[in-house]
Amino acid sequence: MKNIHNKKILSISIIICISFIEGFIINKNYVTTEKQTLKEIEQLFDKSIYIDKNIREKEHPFFKIYMPLSEDSIPSSLPSDIWNKNTSHAIGYSADTIILIEKTEKFKSITDDEKRNITEQMYLAKINPIRPSQLDSIFSGTLHQNHIPAQTAVIYEIDGIKHYSTSDSSFYVSASKLDDVVIELDHKIVLQGYVKLPFIYIIRQSISFYIGGLGIYGYF
């Protein structure tokens, strides 16, 4: 009788230990899966920003040239007192707008496509700026196309002034914030994406792991 009692205590102790260890592992797996999903969502947010830019550009097409601006070809519209061939470089201009960028090490390290994208965003910020509700709609649609059923919101900040895609301030507190997307030349644009993922969606990403965990209990 005493042996049976001891075996029960031992079994209960083992189950408690396994439950504690498995609970820790499950929680760690959930956090890891959520982080991986948010990284994927960040890439889709970048894609959404690019799609939004193309839409706004089609609404207000403009003539563009991307080339170094030599000293002897400086447009008359550019005052000579702000032009210095050693420190500045014009990477894009249209009939009435020139965008300058300082020749920093960071500038030298980015690709031509990145320079082109930044320049276009800066120009569009003046003639057809980002509409947070439109970008949010594109972002949400891009996620659903990739079978990610998340609620979304966007904050568009330019020169320190923030514009929100939703007036529900509680959403920004409860949702997960993505890494900021910063675009900066003659203006500073900061785009912030927010997502709220269903708990069950994260679980489904590692469903085999959780089934295996239940199998351990079945063994006992």
Side-chain angles (χ1 to χ4, degrees), residues 25-58 101 104-125 128-210:
I25 294 174
I26 286 175
N27 179 69
K28 187 174 182 179
N29 180 77
Y30 182 90
V31 171
T32 300
T33 303
E34 184 179 37
K35 286 183 178 179
Q36 291 173 343
T37 303
L38 289 175
K39 284 296 180 184
E40 179 185 353
I41 289 175
E42 284 177 349
Q43 294 176 351
L44 295 174
F45 185 48
D46 288 340
K47 179 181 178 180
S48 300
I49 293 171
Y50 183 78
I51 293 172
D52 175 75
K53 178 185 72 69
N54 287 342
I55 290 173
R56 289 182 295 120
E57 185 177 344
K58 288 178 180 178
I101 183 170
T104 62
E105 290 301 318
K106 182 178 180 181
F107 166 68
K108 294 176 182 177
S109 66
I110 65 177
T111 66
D112 289 340
D113 284 343
E114 289 173 320
K115 294 173 186 176
R116 180 177 293 107
N117 177 62
I118 292 173
T119 306
E120 291 172 349
Q121 288 283 17
M122 290 300 102
Y123 187 84
L124 287 168
N128 192 14
I130 291 172
R131 299 184 290 276
S133 58
Q134 175 178 286
L135 177 56
D136 187 11
S137 178
I138 294 170
F139 182 33
S140 177
T142 301
L143 293 185
H144 281 79
Q145 286 175 6
N146 286 270
H147 311 290
I148 302 177
Q151 293 177 273
T152 62
V154 169
I155 297 178
Y156 163 58
E157 178 181 344
I158 181 166
D159 297 334
I161 301 174
K162 293 184 177 181
H163 307 272
Y164 301 81
S165 66
T166 176
S167 59
D168 182 6
S169 59
S170 63
F171 182 86
Y172 297 100
V173 176
S174 60
S176 298
K177 180 180 177 296
L178 306 180
D179 286 347
D180 292 351
V181 176
V182 181
I183 306 169
E184 186 171 8
L185 281 182
D186 53 348
H187 291 284
K188 182 175 182 179
I189 293 174
V190 181
L191 293 167
Q192 300 170 339
Y194 290 79
V195 294
K196 188 179 290 186
L197 290 162
F199 174 80
I200 191 63
Y201 176 80
I202 302 297
I203 296 295
R204 285 175 180 170
Q205 304 312 298
S206 303
I207 191 65
S208 58
F209 172 83
Y210 297 106

Test side chain to side chain contact (heavy atoms under 4.5 Å, CB included) applied to Asp46 and Tyr50, step by step
CA-CA 6 Å; Asp46 288 340; Tyr50 183 78; over 6 Å; no
Verdict with reasoning, Thr37 to Val195, per side chain to side chain contact (heavy atoms under 4.5 Å, CB included)
CA-CA 11 Å; Thr37 303; Val195 294; over 6 Å; no
Should Ile130 and Ile158 be marked as a side chain to side chain contact (heavy atoms under 4.5 Å, CB included) after you check the CA-CA gap, both sets of side-chain angles, and the distance that decides it?
CA-CA 10 Å; Ile130 291 172; Ile158 181 166; over 6 Å; no
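For the atom pair CD1 of Ile55 and CG of Leu124, the computed distance is 12.0 Å after rounding to the nearest 0.5 Å. In this structure, NZ in Lys58 is found 13.5 Å from CG in Asn128, a value given to the nearest 0.5 Å. Atoms CD1 and CZ, on Ile51 and Phe139 in that order, are 11.5 Å from each other to the nearest 0.5 Å. Summarising the geometry, atom CG belonging to Leu191 is positioned 6.5 Å from atom CG belonging to Leu135; distances are rounded to the nearest 0.5 Å. Atom CD of Glu34 is separated from atom CZ of Phe199 by 10.0 Å, given to the nearest 0.5 angstrom.
Annotation: ring-ring contact (aromatic ring centres under 6.0 Å, His included) contacts of His163 (sequence neighbours excluded): Tyr156. Every residue was checked against the salt bridge (Lys or Arg N to Asp or Glu O under 4.0 Å) condition with Glu40, not counting sequence neighbours, and none meets it. Here Tyr172 pairs with Tyr164, Tyr194 under the ring-ring contact (aromatic ring centres under 6.0 Å, His included) rule; sequence neighbours left out. Listed by chain and residue number, Asp52, Arg131 satisfy the side-chain hydrogen bond (donor to acceptor under 3.5 Å, both in side chains) test with Gln134 (two or more places apart in sequence, or in another chain).
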Let me have the donor-acceptor pairs involving side chains of residues 173-183, under 3.5 Å, with sequence neighbours excluded, atom names and distances please.
{"unit_1": "Ser174", "atom_1": "OG", "unit_2": "Ser170", "atom_2": "O", "d": "3.2"}
{"unit_1": "Ser174", "atom_1": "OG", "unit_2": "Phe171", "atom_2": "O", "d": "3.3"}
{"unit_1": "Ser174", "atom_1": "OG", "unit_2": "Lys196", "atom_2": "NZ", "d": "2.9"}
{"unit_1": "Lys177", "atom_1": "NZ", "unit_2": "Asp180", "atom_2": "OD1", "d": "2.5"}

Residues 143-155, side-chain donor-acceptor partners within the protein, below 3.5 Å, at least two apart:
{"unit_1": "His144", "atom_1": "ND1", "unit_2": "Ser140", "atom_2": "O", "d": "2.9"}
{"unit_1": "Asn146", "atom_1": "ND2", "unit_2": "Thr142", "atom_2": "O", "d": "2.8"}
{"unit_1": "Thr152", "atom_1": "OG1", "unit_2": "Asp136", "atom_2": "OD1", "d": "2.5"}

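Of the residues Glu57, Arg56, Lys53, the one that meets the side chain to side chain donor-acceptor pair (under 3.5 Å) test with Gln121 is Arg56.
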